[in-house]
Every structure is written in C-alpha cells, then in structure tokens.
Amino acid sequence: MGISAEKLPRHVGFIMDGNGRWAQKRGLPRKMGHRAGAEVFKKIADYCREIGIKYVTFYAFSTENWKRPADEVNALMDLFDKYLDDAEEYARRKTRMLFLGDKAPFRESIRQKMLSIEERTREFDSCTVMLAMNYGGRDDIVYAAKRAAELVSSGYMSTDDITEDMFGGLLYTGDAPDVDLVIRPSGEYRLSNFLIWQCAYAEYYFSDVLWPDFTVSDLDRALTAYSDRNRRFGGV
C-alpha cells in the first residue's frame, strides 16, 4: 500500500452503492447484486483490519430503503440473516461488531443475532466494524436528542451539561471517533443521510466503480488520495 500508519484515517465510512445497477448491467436480479456486494464488504472489512484502520462503518440499509419492492427487501433481510450466522469470525479475529440504527423493525431472529454478536465482541478494541442497518443520519441525531432529554428529565444532568462531545457520545456510534474519510463508489456525489453528525469534517472520495466491483486496489487509491490532503479543521 505504501502509506505510513500515521497517515491512515482512524475511521473510514463506506456508502455501499451500485449493487442493483451492477446486477441489471448483467441481466441478473437485483438480489444477485446484493449478494456480490456482501462478498466485497467482507473483503474490504478484512483488509481494513489488516492494514490497521481502527474503525470502519458500512452503510448497508437506510431508513428509506424499506420503501423498495417487498421482494428486494425480503432478499436483503435473508442475506443479512445469513451473514449474521457467519459473523462468528469477528469474535475469532477479536474484532468488535456494532450495528447502527433502530433494531426494532427487524424480525426477531435478526435482532437477537445482532444483540448476541455485539455482546460477544464488545471487549475487543483492535478494530471496530460498524454496519449501519435501518440507519439514517437525521434519525441518529433525533435518537441522541431523546436520550439527552431523558437524562435531563431524570435529573441526571442539566441542559448546561450538554456539549458537542457529550451529545456525540449519545449517537449510535457511541465512543467511536468522527469519520475521517467517506468513500462512495458508483458515480453518485451525495451523502444520502449517512453519519451526518460524524462526517462534519470528513474528507470525501468518489469513484465510478460499482460496489460489487470495488477492490482493495480501489481502496488503496482512496487512502493515497486521503493521505495527500491537508486537513485544517477550520484553521489555517
């Protein structure tokens, strides 16, 4: 890869986009694109862990994705359910796994598997992989605001205790650092409600490659581009 450890981002966010188009270009059902995209997710997550990226978030299913055709949503849920059966590998590799978003709408088998994996891996700190499922950035902020309101109403704290750091810790990402680099393949140039708060100072990298065709070489190019940027955070 050729990038020094100090120039690597701590937290990379991936907007996994283009699965449906990838399948349609090949005359395949959209669900086949999602299957291909799931395999790429595994490879990229493993590579990030191997090269020393501490936090990785993948945008897999948004709060708006429920509006898709029922057969596609069902196929995605079946794929996710199967993936969770294989997620024991994260425990073996001492990788922490978190699921961002409201778990309530998922079927019970999926909810229980998510909770079990989070519990089994919660003590690991070498790498944290976060999968945003039924996630929306605005919903995340509302979720944190409700948690803050509950803390105030219970007398645990006052409104004066609410700071940016404190509020950020109430988001689904918890104590994870803000995103340093957002990578979006597929030729789209928007954030699509992904980690709005956490991406306040993120760098962005866009690519025309559809997600199922995204490789570690594509990631290396994004990381090289990131390492060459001057991040000033509002300073000079």
Side-chain angles (χ1 to χ4, degrees), residues 5-15 48 52-66 90 94-106 111-112 114-184 189-205 226 229-236:
E6 62 269 17
K7 287 196 172 184
L8 281 175
R10 288 187 69 199
H11 188 172
V12 179
F14 292 91
I15 300 177
C48 287
I53 295 175
K54 296 278 289 182
Y55 297 87
V56 194
T57 302
F58 295 88
Y59 201 11
F61 191 85
S62 75
T63 50
E64 292 79 24
N65 286 157
W66 295 105
Y90 288 98
K94 298 191 182 302
T95 298
R96 188 182 182 194
M97 189 78 187
L98 291 175
F99 300 95
L100 312 182
D102 182 7
K103 297 179 179 67
F106 294 107
R111 283 199 302 272
Q112 290 305 318
M114 285 193 284
L115 291 170
S116 175
I117 293 167
E118 287 182 333
E119 177 61 27
R120 293 202 311 274
T121 64
R122 65 187 179 92
E123 298 298 330
F124 300 143
D125 60 4
S126 61
C127 180
T128 298
V129 174
M130 292 175 276
L131 197 60
M133 291 289 299
N134 189 35
Y135 177 86
R138 290 180 175 179
D139 178 72
D140 196 357
I141 294 170
V142 170
Y143 166 77
K146 288 180 178 178
R147 294 182 69 189
E150 289 171 359
L151 291 171
V152 172
S153 64
S154 67
Y156 182 80
M157 68 179 192
S158 73
T159 55
D160 291 336
D161 295 321
I162 300 176
T163 63
E164 287 189 15
D165 286 343
M166 176 268 174
F167 188 83
L170 298 178
L171 296 164
Y172 284 118
T173 44
D175 60 359
D178 284 346
V179 178
D180 297 304
L181 173 63
V182 175
I183 297 173
R184 180 165 192 161
Y189 296 86
R190 54 181 178 270
L191 194 55
S192 295
N193 204 16
F194 176 60
L195 298 177
I196 295 171
W197 177 284
Q198 298 90 332
C199 289
Y201 282 99
E203 297 291 323
Y204 294 86
Y205 182 87
Y226 170 84
R229 296 184 189 180
N230 180 19
R231 305 181 74 202
R232 296 183 296 275
F233 299 97
V236 177

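Remark: Phe167 engages Trp197 in a ring-ring contact (aromatic ring centres under 6.0 Å, His included) (not counting sequence neighbours). Qualifying side-chain hydrogen bond (donor to acceptor under 3.5 Å, both in side chains) partners for Asn134, counting only residues two or more places apart in sequence or in other chains: Trp66. With sequence neighbours left out, the ring-ring contact (aromatic ring centres under 6.0 Å, His included) criterion links Tyr156 to no other residue. For Phe194, the ring-ring contact (aromatic ring centres under 6.0 Å, His included) criterion is met by Tyr59, not counting sequence neighbours. Applying the salt bridge (Lys or Arg N to Asp or Glu O under 4.0 Å) rule to Lys103 yields the partners Glu118; only residues at least two apart in sequence or on another chain are considered. Partners of Arg111 by salt bridge (Lys or Arg N to Asp or Glu O under 4.0 Å), not counting sequence neighbours, listed by chain and number: Glu108. The side chain to side chain contact (heavy atoms under 4.5 Å, CB included) check on Val152 picks up Met157, Thr159, Ile162, with sequence neighbours excluded. Partners of Tyr172 under the ring-ring contact (aromatic ring centres under 6.0 Å, His included) rule, at least two apart in sequence or in another chain, are Tyr143.
Pairs of residues two or more places apart, or lying in two chains, that qualify as side chain to side chain donor-acceptor pair (under 3.5 Å) and include a residue from residues 6-15 are Ser4-Glu6, His11-Thr57. Within the structure, no pair that satisfies the salt bridge (Lys or Arg N to Asp or Glu O under 4.0 Å) test touches residues 126-142, not counting sequence neighbours. Within the structure, salt bridge (Lys or Arg N to Asp or Glu O under 4.0 Å) contacts touching residues 143-162 (residues at least two apart or in different chains) do not occur.
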Return a table of donor-acceptor pairs under 3.5 angstrom between the side chains of residues 122-132 and protein atoms on other chains or two or more places apart.
unit_1: Arg122; atom_1: NE; unit_2: Glu119; atom_2: OE1; d: 3.2
unit_1: Arg122; atom_1: NE; unit_2: Glu119; atom_2: OE2; d: 2.9
unit_1: Ser126; atom_1: OG; unit_2: Lys94; atom_2: O; d: 3.0

